[in-house]
Amino acid sequence: MSVGSWLFAFIGLILLVGVQAKAGDFIVLSDLPYTEDQQRVFEDQIIPAIKADLAPFVIHVGDFKGSKEVCSDGLFLAVRDTLYGLKPGRVFLTPGDNDWTDCDRDSTGLAMREYDRLSRLRQIFFEPAPESPEEMHVMRQDGYPENARWVDDGVTYVTLHVVGTNNGRAQILLDDVDFALAQVSAREQANRVWLEGAVEQAREAQAKALVIAMQADITEPWGSGSCEGTTRIKCDAFAMLRDQLRLAARQFRGPVLLIHGDSDPYCLDQEFGGDQAPNLWRLNSAGDYAVIDAVKVTVQPDSTTPFMARTLVSGQAPRQGC
């Protein structure tokens with residue numbers, strides 16, 4: 001090899017290592033694909049872009065199917081194989097309402113009991129859960145394997161199973177209502193415990209940042225008042241979680257990012273935490289029927305803007321302010 005060729009190869013190796021070692025990037029999917037057209041974009045553009053990108057892992061924050069699609073085992077299996085094939089062992093899913101709570105609607109073409117669908121979803125996606133690299137220190141919550149926690153480059157990540165349809169309290173069409181509401185309350189308690197543990201772990205590890213991902217837009221409640229007592233459906237199912245997130249951000253002190261889907265627009269803001277938690281940011285990810293793309297998020301904890309985002313294929317930045 002000539003000196004010039006050797007030098008060119010050496011510089012290329014340095015650049016490649018530099019790109020591979022770039023910290024703080026990951027990819028988010030949400031609310032897609034919903035339609036046949038979105039499925040084509042997903043297959044032809046988004047999937048190849050994700051596989052080619054060097055970001056170490058992917059989070060899908062739910063609604064991996066359209067609300068009018070049948071919640072069949074076959075669909076679940078196909079989605080699982082597609083998602084887990086994006087970056088094997090490095091894909092994390094927290095379900096959305098389209099994926100189980102809304103499966104009891106006649107509009108799907110075959111109404112199915114939502115808790116049967118949740119049980120099958122957990123079996124198909126998490127029994128067993130994907131085997132992740134040891135260095136990510138992945139943990140999953142007993143009974144709620146969709147609730148995961150892991151570490152990448154000194155940042156702690158956590159998923160919480162929080163869905164639309166008032167967190168599963170509304171539109172219970174085929175299951176026993178008391179049974180379903182008891183299941184919601186148990187999941188809400190599990191989420192509280194899981195988030196508390198994530199904050200404690202992040203503080204003990206002196207994590208650079210904390211990233212929390214869920215499906216529901218908890219800033220848009222379906223009802224008002226507490227979900228305790230007799231008002232268990234037309235209540236604000238997200239009130240306690242909003243308070244806990246702000247408390248978690250205050251306790252952690254470093255930069256915290258909440259990622260969700262479920263609504264428009266694709267946006268990023270620092271308003272959600274208010275005066276109580278100015279270190280708490282919120283990203284309403286792309287997807288739905290607005291911006292059909294994956295989002296690449298960059299965590300830069302020492303910056304005045306610790307979280308940045310752009311769509312993976314088109315390079316579109318989120319609107320500033322939600």
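The shown structure was predicted, so the numbers you read here are calculated from the model rather than taken from an experiment.
Using a cutoff of 4.0 Å between basic side-chain nitrogens and carboxylate oxygens, D25 and K296 are scored as salt-bridged. The existence of a salt bridge linking E127 and R120 is excluded, since no basic side-chain nitrogen approaches an acidic carboxylate oxygen closer than 4.0 Å. Under the 4.0 Å criterion applied to side-chain N and carboxylate O atoms, R117 and D73 are assigned as salt-bridge partners. Salt-bridge annotation for E135 and R90: present, with a side-chain N of the basic residue lying under 4.0 Å from a carboxylate O of the acidic one. For the pair E146 and R122, the salt-bridge criterion is met [side-chain N within less than 4.0 Å of a carboxylate O]. With respect to D153 and K208, a salt bridge is recorded, a charged nitrogen being found less than 4.0 Å from a carboxylate O.
With a 6.0 Å radius and a threshold of 12 heavy atoms from other residues, nucleotides or ligands, D142 has its CG atom at or below the threshold. By the neighbour-count criterion of 12 heavy atoms within 6.0 Å, atom CE of M112 is densely surrounded, having more than that number from other residues, nucleotides or ligands. Within 6.0 Å of atom CD in Q189, more than 12 heavy atoms from other residues, nucleotides or ligands are found, so the atom counts as buried in its surroundings. Crowding of M308 atom CE: a count of heavy atoms from other residues, nucleotides or ligands under 6.0 Å not exceeding 12. Within 6.0 Å of atom CZ in R250, more than 12 heavy atoms from other residues, nucleotides or ligands are found, so the atom counts as buried in its surroundings. By the neighbour-count criterion of 12 heavy atoms within 6.0 Å, atom CG of D44 is densely surrounded, having more than that number from other residues, nucleotides or ligands.
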Legend entry - Residues F125, F64; criterion ring-ring contact (aromatic ring centres under 6.0 Å, His included); working and verdict: CA-CA 12 Å; F125 282 87; F64 55 67; 5.5 Å; yes
Inset, instruction - Go through the steps to decide whether D178 and R232 satisfy the test salt bridge (Lys or Arg N to Asp or Glu O under 4.0 Å), and finish with yes or no. - result: CA-CA 10 Å; D178 288 333; R232 298 185 295 164; 2.8 Å; yes
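T231 contributes no side-chain N or O that, together with a main-chain N or O of C227, makes up a donor-acceptor pair within less than 3.5 Å. For the pair R140 (side chain) and P145 (backbone), a donor-acceptor distance under 3.5 Å is present. Between the side chain of T94 and the main chain of L160, a donor-acceptor pair closer than 3.5 Å is present. S72 places a side-chain N or O within donor-acceptor distance of the main-chain N or O of L75, the cut-off being under 3.5 Å. No side-chain donor-acceptor contact under 3.5 Å links T101 to the backbone of G168. Panel note: side chain K87, backbone D53; a donor-acceptor pair is recorded below 3.5 Å. The backbone N or O of V138 lies less than 3.5 Å from no partner atom in the side chain of S132, so there is not a single donor-acceptor pair. Between the Q201 side chain and the A207 main chain, no donor and acceptor come within less than 3.5 Å of each other. Q141 places a side-chain N or O within 3.5 Å of a backbone atom of A190 that can act as its donor or acceptor partner. In this structure, the side chain of T108 engages the main chain of R105 through a donor-acceptor pair within 3.5 Å.
For the pairing with I218, the side-chain contact (heavy atoms from CB on, under 4.5 Å) check across V162, D236, N167 returns one residue only, V162. With respect to H161, the ring-ring contact (aromatic ring centres under 6.0 Å, His included) criterion is satisfied by exactly one of Y144, W194, W100, F126: W100. For the side-chain hydrogen bond (donor to acceptor under 3.5 Å, both in side chains) with E43, the qualifying choice from R40, Q39, Q45 is Q39, the only one to do so.
Under the 4.5 Å side-chain criterion, counting only non-hydrogen atoms from C-beta, Q276 is not in contact with D243. Using a 4.5 Å cut-off on side-chain heavy atoms (C-beta onward), V58 and L83 make no contact. Residues V155 and L210 have side chains not in contact (no heavy-atom distance under 4.5 Å, counting atoms from C-beta outward). With a 4.5 Å cut-off on side-chain heavy atoms, L29 and F42 count as touching. Side-chain contact between R282 and C322: present, with at least one pair of heavy atoms (C-beta onward) separated by less than 4.5 Å. Between S119 and D116, the closest side-chain pair of non-hydrogen atoms is not below 4.5 Å. Taking the side chain as every heavy atom from C-beta outward, N147 and V158 never approach each other to under 4.5 Å. Considering only heavy atoms from C-beta on, N98 stays 4.5 Å or farther from V163 through its side chain.
With no hydrogens or angles considered, a side-chain donor-acceptor pair links Y34 and D63 at under 3.5 Å. Side-chain N/O atoms of D217 and T219 include a donor and acceptor closer than 3.5 Å. Residues D97 and Q215 bring a donor and an acceptor atom of their side chains to less than 3.5 Å of each other. Side-chain contact of D264 with N284: a donor-acceptor pair under 3.5 Å is absent, judged by distance alone. Using modelled atom types and a 3.5 Å distance limit, the side chains of S314 and D293 yield a donor-acceptor pair. Between the side chains of Q244 and R192, not a single donor N or O lies within less than 3.5 Å of an accepting N or O.
Seen from the ring of F272, R246 counts as a face-on cation partner, given the 6.0 Å and 45° thresholds. The side-chain tip of R169 does not point at the ring of W222 from less than 6.0 angstrom away and within 45° of straight on.
Taking each heavy atom of S285 and S30 in turn, the nearest pair found is CB-OG, 3.4 Å. D288 and Q38 get closest at one heavy-atom pair: O-NE2, 2.8 Å. Summarising the geometry of G164 relative to D262, their closest heavy-atom pair is CA-OD2, 4.0 Å, with the distance given to 0.1 Å.
Classification of the Y157-W150 ring pair by plane angle, with boundaries at 30° and 60°, yields parallel. In this structure, W281 and F307 have perpendicular ring planes: the angle between them is above 60°, well past the 30° mark. Using cut-offs of 30° and 60° on the angle between ring planes, the pair F179 and Y115 is perpendicular.
Hydrophobic clustering of Ile, Leu, Val, Met, Phe, Trp and Tyr side chains at less than 4.5 Å, counting indirect connections, unites L32 with V79. In the hydrophobic cluster analysis, where Ile, Leu, Val, Met, Phe, Trp and Tyr join through side-chain heavy atoms closer than 4.5 angstrom, Y84 is grouped together with I27. Linking Ile, Leu, Val, Met, Phe, Trp and Tyr whenever their side-chain heavy atoms come within less than 4.5 Å leaves L245 and L257 in two separate clusters. Using a 4.5 Å cut-off between side-chain heavy atoms of Ile, Leu, Val, Met, Phe, Trp and Tyr, with links allowed through other members, V211 and V28 fall into the same hydrophobic cluster. Side-chain heavy atoms closer than 4.5 Å link hydrophobic residues (I, L, V, M, F, W, Y) into clusters, and following such links, even through other members, never connects I212 to F26.
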